[in-house]
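Please read the structure below before turning to the comments.
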2 protein chains.
Amino acid sequence: MPTDPSIRLDALETLDAIDRHGSFAAAAAALYRVPSAVSYTISQLESELGVAVFDRSGHRAVLTPAGRLLLDEGRRILTATQELGSAVRRLADRWEPQLRVAIDATMPPSAFWPLVASFTARHPRIDLVLREEVLAGSWEALIEDRVELAVGVTEPPAHEGIRRAPLGTLSFVFCCAPGHPLAAAQTPIDDETIRAHRALVVADSARHFNERSGNLLDGQPRLTVSGMRTKIEAIERGLGVGYCPAGWVAEAVAAGRLVELETVRTPEPRPTWVLWRRGDRGRALIWLIDALTESARAN
Amino acid sequence: MPTDPSIRLDALETLDAIDRHGSFAAAAAALYRVPSAVSYTISQLESELGVAVFDRSGHRAVLTPAGRLLLDEGRRILTATQELGSAVRRLADRWEPQLRVAIDATMPPSAFWPLVASFTARHPRIDLVLREEVLAGSWEALIEDRVELAVGVTEPPAHEGIRRAPLGTLSFVFCCAPGHPLAAAQTPIDDETIRAHRALVVADSARHFNERSGNLLDGQPRLTVSGMRTKIEAIERGLGVGYCPAGWVAEAVAAGRLVELETVRTPEPRPTWVLWRRGDRGRALIWLIDALTESARAN
DNA sequence: CAGTTTCGTTCAAATTATTTGATCGACTAT
DNA sequence: ATAGTCGATCAAATAATTTGAACGAAACTG
């Protein structure tokens with residue numbers, strides 16, 4: 001039972017014009033219409049609604065309380081409709097209304113935030129949704145259509161329908177707090193020495209497949225946290241040790257809040273990637289991929 | 001420059017019908033219209049928008065991404081419009097869309113919450129906004145048009161344009177924590193004895209005129225808090241003493257968390273009132289006043 | 001106070017917009 | 001193959017809106 005709309009947008013436009021110009025006549029002039037046409041539109045609206053929108057008992061018509069409600073809320077509807085119109089037009093022009101991005105927890109914040117700033121400055125109408133993901137999380141979010149772009153993924157599995165571009169390199173630094181026992185140990189530190197201390201681990205944010213594991217040495221006690229920021233804070237507080245992305249800890253090491261230690265089995269620097277699904281990329285996605293890989297090439 | 005609306009609601013209705021019934025033809029049948037009329041509406045929409053809403057390259061028309069966005073967001077606009085229509089009709093029928101109520105902090109919660117529950121059950125479409133106010137706060141909120149109703153006010157000043165109905169009586173009980181020194185004092189306690197201990201005071205929530213004061217004894221150290229609940233918790237924790245509305249402390253006294261003490265100058269029970277502005281009362285307001293005063297008469 | 005302007009309504013006529021119904025070509029399912 | 005369904009198109013019919021002229025009521029104007 002599709003209720004036919006008792007309120008029509010052009011009636012709301014007319015109502016708005018009457019309010020803004022002060023009278024039916026002035027509204028008519030502003031709308032390039034004759035006053036009787038405005039009268040007609042409003043009385044049409046009133047009879048469909050079954051409600052008096054104007055009180056005509058005096059000389060000039062004045063809004064009733066119901067009319068005031070209709071006007072105030074109607075204006076929201078009008079702007080929402082115009083917004084929708086332009087969002088649809090932009091989408092047809094391949095500018096997506098929203099872009100969802102998974103950012104791998106290893107991505108140093110300093111590398112990504114400036115890009116976010118210039119994105120939002122350049123594309124103010126596009127909603128940007130950022131999710132921090134860990135290990136397989138970004139990959140899964142991309143595969144499962146929860147994001148359009150995954151940034152900073154290492155060693156992505158080959159997969160039909162996923163494209164990628166190189167972003168940069170991720171190197172790890174083994175860290176502990178200055179007061180931690182390992183800070184005084186003989187370097188390079190071997191696995192067995194490390195294994196005696198609690199390791200800080202960032203939990204994989206993948207919901208379904210947890211096939212990957214981090215830099216873990218078996219039998220080592222763990223403290224698992226849910227984000228890189230928390231992991232580093234925990235290490236700073238001496239709660240454990242671990243390999244951290246170089247970009248995340250450079251400042252803390254320079255400030256003396258963390259100590260960088262050479263280890264026997266230092267992990268190789270790994271290439272990181274930007275990933276997206278094959279198929280029609282919107283312009284905002286293209287812009288972001290370009291900006292990411294360009295800043296990568298510049299380095 | 002009133003942009004004429006490129007999107008019309010009946011086009012959105014048609015779009016919705018096509019999506020729900022699966023084809024132009026089925027939508028036409030559902031709308032009691034001929035298929036070509038549906039075609040006409042949609043191509044009208046598309047040409048005004050300058051965007052293809054359907055992809056007609058295959059046998060059946062299928063929504064483009066832009067069309068999908070238009071449909072999804074358009075549905076919101078449709079329901080918002082219908083809601084607006086019925087809100088306007090209800091308002092014309094004197095059912096206000098929103099009712100704002102100031103509740104004096106002395107009102108025992110047990111007296112008011114059941115009423116709120118039955119209000120929301122009976123009037124699900126009416127937004128109820130409750131604000132707790134202290135001393136002159138309710139009065140001021142009413143005078144300044146920030147609420148339609150003030151509940152539980154004591155000794156309202158006479159004022160042109162404010163109506164009232166009796167609600168009940170408010171009696172005060174002097175309380176302290178079981179471990180507080182006053183708990184062991186000789187009763188009835190006189191003012192001088194009280195004055196040696198910190199008084200808990202609820203801050204007046206009036207913004208402009210603070211003409212009223214509570215049950216204060218001069219020279220007494222105070223601890224001022226911003227709500228009755230906080231005041232009572234503070235007394236329970238032994239942070240001070242004070243007169244409290246009987247309805248607020250009965251349970252704590254019964255449970256032994258508070259001690260009720262007889263004092264020399266026990267305040268008289270005061271009548272409390274329900275207040276509203278003279279003039280057109282909406283039906284929800286009338287309902288609430290009736291319910292409040294009826295439950296008052298029952299006691 | 002009379003004259004003038006502005007207000008908003010009403011009505012028939014003119015103009016526009018939508019709906020109909022018939023027809024068509026393309027594709028599906030039997 | 002052969003209905004049957006889908007959606008587009010077009011002229012004609014119908015419906016809705018806009019116009020323009022006329023009107024009464026109220027508010028200015030001098």
Side-chain angles (χ1 to χ4, degrees), chain A residues 2-64 66-68 70-71 78 81, chain B residues 2-64 66-68 70-71 78 81:
Chain A
T3 332
D4 59 343
S6 52
I7 294 176
R8 296 169 13 141
L9 294 183
D10 62 318
L12 292 180
E13 301 257 17
T14 305
L15 187 59
D16 172 65
I18 293 171
D19 182 69
R20 284 197 289 119
H21 297 95
S23 74
F24 281 41
L31 296 169
Y32 303 106
R33 216 155 285 160
V34 106
S36 61
V38 171
S39 258
Y40 175 79
T41 303
I42 296 299
S43 47
Q44 204 66 5
L45 175 64
E46 289 181 313
S47 76
E48 292 236 41
L49 222 37
V51 165
V53 173
F54 286 95
D55 173 7
R56 285 126 166 128
S57 62
H59 177 39
R60 307 171 61 94
V62 50
L63 279 172
T64 59
R68 168 56 55 185
L70 183 63
L71 176 60
L78 285 177
T81 308
Chain B
T3 331
D4 60 343
S6 52
I7 294 176
R8 295 172 10 143
L9 295 184
D10 63 319
L12 292 180
E13 300 258 17
T14 305
L15 187 58
D16 172 64
I18 293 170
D19 183 69
R20 283 197 292 117
H21 296 95
S23 73
F24 280 41
L31 298 168
Y32 303 107
R33 216 156 287 158
V34 105
S36 61
V38 171
S39 260
Y40 175 79
T41 303
I42 297 299
S43 48
Q44 203 67 5
L45 175 65
E46 289 181 313
S47 76
E48 292 235 42
L49 222 39
V51 166
V53 173
F54 285 96
D55 173 7
R56 284 124 166 130
S57 63
H59 176 39
R60 305 171 61 95
V62 50
L63 280 171
T64 59
R68 167 56 56 184
L70 183 63
L71 175 61
L78 286 176
T81 307

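Quick note: numbers below take in every heavy atom, side chains included, and nothing from hydrogens, waters or symmetry partners. Proteins get letters first, then strands, A, B, ... in listed order; numbering begins at 1 in each.
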_Counting C-beta onward and ignoring hydrogens, is there a side-chain heavy-atom pair between A/Leu70 and A/Val51 closer than 4.5 Å?_
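No; the side chains remain at least 4.5 Å from each other.
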When the rotation axes relating C1' atoms of four end pairs to the next four are compared across the helix from C/dC1-D/dG30 to C/dT30-D/dA1, five pairs an end, they differ to 10° by 30°
Closest non-hydrogen atoms of B/Thr14 and B/Asp10, given as atom of the first, atom of the second and distance, are OG1-O, 2.7 Å
Residues B/Ala52 and B/Ala66: closest non-hydrogen pair is O-CB, 4.4 Å
For a quick test of reading the model: is some side-chain N or O of B/Ser23 closer than 4.0 Å to OP1 or OP2 of D/dC6?
yes
Subject >> Residues in side-chain contact (heavy atoms from CB on, under 4.5 Å) contact with B/Ala25, at least two apart in sequence or another chain >> reply: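 With sequence neighbours excluded, B/Ala25 shows a side-chain contact (heavy atoms from CB on, under 4.5 Å) to B/Ser23, given in chain and number order.
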Contact string for nucleotides 23-30 of chain D, one letter per nucleotide 5' to 3', B = base within protein heavy-atom range under 4.0 Å, S = sugar-phosphate only, - = neither, reads --BBS---
So the contacted stretch of DNA chain C, first to last nucleotide with an atom under 4.0 Å from a non-hydrogen atom of chain B, runs from C/dA17 to C/dT28
When rounded to the nearest 0.5 Å, the distance separating OG1 of A/Thr81 from CG of B/Leu78 is 9.0 Å
Distance col, row B/Leu9:CG vs B/Leu15:CG, nearest 0.5 angstrom, shows 12.0 Å
Residues in side-chain hydrogen bond (donor to acceptor under 3.5 Å, both in side chains) contact with A/Arg60, at least two apart in sequence or another chain: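 side-chain hydrogen bond (donor to acceptor under 3.5 Å, both in side chains) check on A/Arg60 returns nothing, list empty.
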Set of side-chain hydrogen bond (donor to acceptor under 3.5 Å, both in side chains) partners for A/Ser57, sequence neighbours left out:
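By the side-chain hydrogen bond (donor to acceptor under 3.5 Å, both in side chains) rule, A/Ser57 matches A/Asp55.
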For B/Arg68, the salt bridge (Lys or Arg N to Asp or Glu O under 4.0 Å) test, sequence neighbours excluded, returns B/Asp19, B/Asp72
What does the list of N/O pairs under 3.5 Å between the protein and nucleotides 12-20 of chain D look like, with a distance for each?
unit_1	atom_1	unit_2	atom_2	d
D/dT17	OP1	A/Arg8	NH1	3.0
D/dT17	OP1	A/Arg8	NH2	3.2
D/dT17	OP2	A/Tyr40	OH	2.6
D/dT19	OP2	A/Val34	N	2.9
D/dG20	O6	A/Ser36	OG	2.9

Using a 3.5 Å cut-off and no angle test, enumerate the donor-acceptor pairs between side-chain atoms of residues 26-40 of chain B and protein atoms at least two apart in sequence or in another chain.
none

Does anything in residues 36-47 of chain B pair up under salt bridge (charged side-chain N to carboxylate O under 4.0 Å, His left out), and if so which pairs, sequence neighbours excluded?
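For residues 36-47 of chain B: B/Glu46-B/Arg56.
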Exactly one candidate in B/Leu45, B/Leu63, B/Thr64 meets side chain to side chain contact (heavy atoms under 4.5 Å, CB included) with B/Phe54; the answer is B/Leu63
